[in-house]
Amino acid sequence: RRFLAKGHTFRLQQSKFNGKVEKRDPPRVLYGTDILGQVANLEVIFGKTQEKPSGPTSQWKKKSIFFKLPYWEFNLLCHNLDVMNIEKNVCGCILFTLLRKYHLVVREDLRAMKIRKELWPLPIGKTCPATSFTLDKKKIEIVLKSLKGMSFPNGYASNISRCMDLKNRRIFRLKSYDNHMLLHDLLPLAIRNVLFISVSRVLVEFGSCFKELCFLVIKISKLDKLQESFVISLCHMQMVFPPSFFIVMVHLVVHLVE
């Protein structure tokens, strides 16, 4: 929500997010000169048992060797995010969420944060109520059979049917490009009749943002609009999925258009 415009209605909503009003501005963009100033005197500590550094520059563990290049400090972009790798991890998160029930510990976290009361564990027998984003066994079979039965033009995608395990109701051995195509086109088709429309709409919206980002040609004038679409889509996902869904790779999505 930090990346939304000031006064946006999502900034004021509490129960659907983390229970707080979001008043912070977006994080300040760090350019090469700013980063070099923070890592110039950085002392590199090797080993997992070493004490972690603290302070405003504690996010840095080492100074990049690329700063030895005379022009690197003045690059507008000193990092490169692998879109395909992010898609692979994000798609894996979505599939895991749809095909697996969330553990009791996750529900207890929601209770501790005092949000999403409808997902709190029940006091009797420590059972968990059903969610709108988790598929039951019958619906999982429908999704897997849909994906297994799809036929594609030559070169469009690999043989995804071999990754569908109907007996154990799971998906395995997906390649990066398989996740790419699932997120863009295939998953929205497979889930449209088995999920609540509030969930399927969010996933279709999210996949559409990635699909537009991966076009062969993108007009510079549309980049700001695309960035806004990603932010809004992530906020919609926050309103559906629990906080444990948002691993680092999901958070990186907000920086893809930068």
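Here, residue 1 is the first one in the sequence, and each next residue gets the next number. The structure displayed is predicted, hence computed values, not measured ones.
Between the side chain of Arg162 and the backbone N or O of Asn159, at least one donor-acceptor pair lies under 3.5 Å. At least one donor-acceptor pair under 3.5 Å links the side chain of Asp82 to the backbone N or O of Met84. Without hydrogens or angle criteria, Lys16 side chain to Gln238 main chain gives no donor-acceptor distance under 3.5 Å. Between the side chain of Glu73 and the backbone N or O of Tyr31, no donor-acceptor pair lies under 3.5 Å. Of the possible polar contacts, none joining the Ser233 side chain to the Ser229 backbone as a donor-acceptor pair under 3.5 Å is found. Distance alone, capped at 3.5 Å, places no donor-acceptor pair between the Arg192 side chain and the Ile197 backbone. At distances below 3.5 Å, at least one donor-acceptor pair connects side-chain atoms of Lys139 with backbone N or O atoms of Val194. Judged purely by atom type and a 3.5 angstrom limit, Ser64 has no side-chain atom pairing as donor or acceptor with the backbone of Phe67. Here the side chain of Asn18 pairs no donor or acceptor atom with the backbone of Gln14 at under 3.5 angstrom.
Looking at Leu4 and Cys235, their side chains come closer than 4.5 Å, going by heavy atoms from C-beta outward. Put simply, the side chain of Leu119 reaches to within 4.5 Å of the side chain of Arg116, judged on heavy atoms. Within the 4.5 Å cutoff, side-chain heavy atoms of Met249 are placed close to those of Asn85. When side chains are defined from C-beta on, Leu98 counts as touching Leu195, because their heavy atoms get closer than 4.5 Å. Looking at Thr97 and Phe133, their side chains come closer than 4.5 Å, going by heavy atoms from C-beta outward. Side-chain contact between Lys148 and Leu166 is present, with heavy atoms from C-beta onward closer than 4.5 Å. Looking at Leu147 and Ser161, their side chains never come closer than 4.5 Å, going by heavy atoms from C-beta outward. Asn75 has its side chain within reach of Tyr71: a pair of non-hydrogen atoms, C-beta onward, lies under 4.5 Å apart.
Interatomic distance, NZ of Lys219 versus NZ of Lys225, reported as 15.5 Å (0.5 Å rounding). Taking CZ of Phe172 as the start and CG of Leu95 as the end, the distance is 13.5 Å to the nearest 0.5 Å. Asn179 contributes atom CG, which lies 10.0 Å from atom CG of Leu187 (distance to the nearest 0.5 angstrom). Rounding to the nearest 0.5 Å gives a distance of 10.5 Å between OG of Ser208 and CG of Leu203. To the nearest 0.5 Å, atom CG of residue Leu144 and atom CG of residue Asp165 are 8.0 Å apart. For the atom pair Met237 CE and Ile232 CD1, the distance stands at 14.0 Å (nearest 0.5 Å).
Across Leu234, Ile94, Asn89, Ile86, a single residue satisfies side chain to side chain contact (heavy atoms under 4.5 Å, CB included) together with Val250, and that is Leu234.
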Inset, instruction - I would like to know whether Phe17 and Met113 meet side chain to side chain contact (heavy atoms under 4.5 Å, CB included); could you show each step before the answer? - result: CA-CA 10 Å; Phe17 293 95; Met113 297 175 66; over 6 Å; no
Legend entry - Verdict with supporting geometry, Ser198 and Met239, side chain to side chain contact (heavy atoms under 4.5 Å, CB included): CA-CA 10 Å; Ser198 59; Met239 298 165 73; over 6 Å; no
Inset, instruction - Report the C-alpha distance between Arg100 and Arg170 in whole Å, list the side-chain angles of each, state the deciding distance to 0.1 Å, and finish with yes or no for side chain to side chain contact (heavy atoms under 4.5 Å, CB included). - result: CA-CA 9 Å; Arg100 296 290 183 269; Arg170 67 189 183 102; 3.7 Å; yes
Inset, instruction - Go through the steps for Asp109 and Ser244 under the test side chain to side chain contact (heavy atoms under 4.5 Å, CB included), then give the verdict. - result: CA-CA 9 Å; Asp109 289 341; Ser244 56; 5.9 Å; no
Legend entry - Verdict with supporting geometry, Arg111 and Glu108, salt bridge (Lys or Arg N to Asp or Glu O under 4.0 Å): CA-CA 5 Å; Arg111 190 205 298 274; Glu108 292 289 357; 3.2 Å; yes
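Salt-bridge annotation for Asp178 and Lys88: absent, with no side-chain N of the basic residue lying under 4.0 Å from a carboxylate O of the acidic one. Between Glu22 and Arg24, at least one side-chain nitrogen of the basic residue sits less than 4.0 Å from a carboxylate oxygen of the acidic one, meeting the salt-bridge criterion.
Heavy-atom minimum distance, Leu182 versus Cys91: CB-SG, 4.0 Å. Here the closest non-hydrogen pair linking Arg11 and Lys23 is NH1-C, 3.8 Å. Taking each heavy atom of Leu42 and Lys63 in turn, the nearest pair found is CD2-N, 4.1 Å. In plain terms, the two heavy atoms of Cys128 and Arg107 that are nearest each other are CB-NH1, 3.3 Å. Val90 approaches Phe206 most closely through the heavy-atom pair CG1-CE2, 3.3 Å. Considering every non-hydrogen atom in both Val231 and Phe3, the closest pair reads CG2-CB, 3.7 Å.
Leu69 and Phe74 fall into different hydrophobic clusters, where Ile, Leu, Val, Met, Phe, Trp and Tyr are joined by side-chain heavy atoms under 4.5 Å apart, directly or via other members. Linking ILVMFWY residues whenever their side-chain heavy atoms come closer than 4.5 Å, directly or via other members, leaves Val105 and Ile115 in distinct clusters. Note on Phe152 and Tyr177: same hydrophobic cluster, where clusters join Ile, Leu, Val, Met, Phe, Trp and Tyr whose side-chain heavy atoms are under 4.5 Å apart, directly or indirectly. Residues Trp120 and Val240 share a hydrophobic cluster, clusters being chains of Ile/Leu/Val/Met/Phe/Trp/Tyr side chains in contact below 4.5 Å. Each of Leu183 and Val204 belongs to its own hydrophobic cluster when Ile, Leu, Val, Met, Phe, Trp and Tyr are linked at side-chain heavy-atom distances under 4.5 angstrom.
The environment of NZ in Lys68 is sparse: at most 12 heavy-atom neighbours from other residues, nucleotides or ligands sit within 6.0 Å. Residue-environment remark: CZ (Phe96) stays at or below the threshold of 12 foreign heavy atoms within 6.0 Å.
Relative ring orientation between Phe241 and Phe245 is described as parallel, the plane-to-plane angle staying below 30° on a 0-90° scale split at 30° and 60°.
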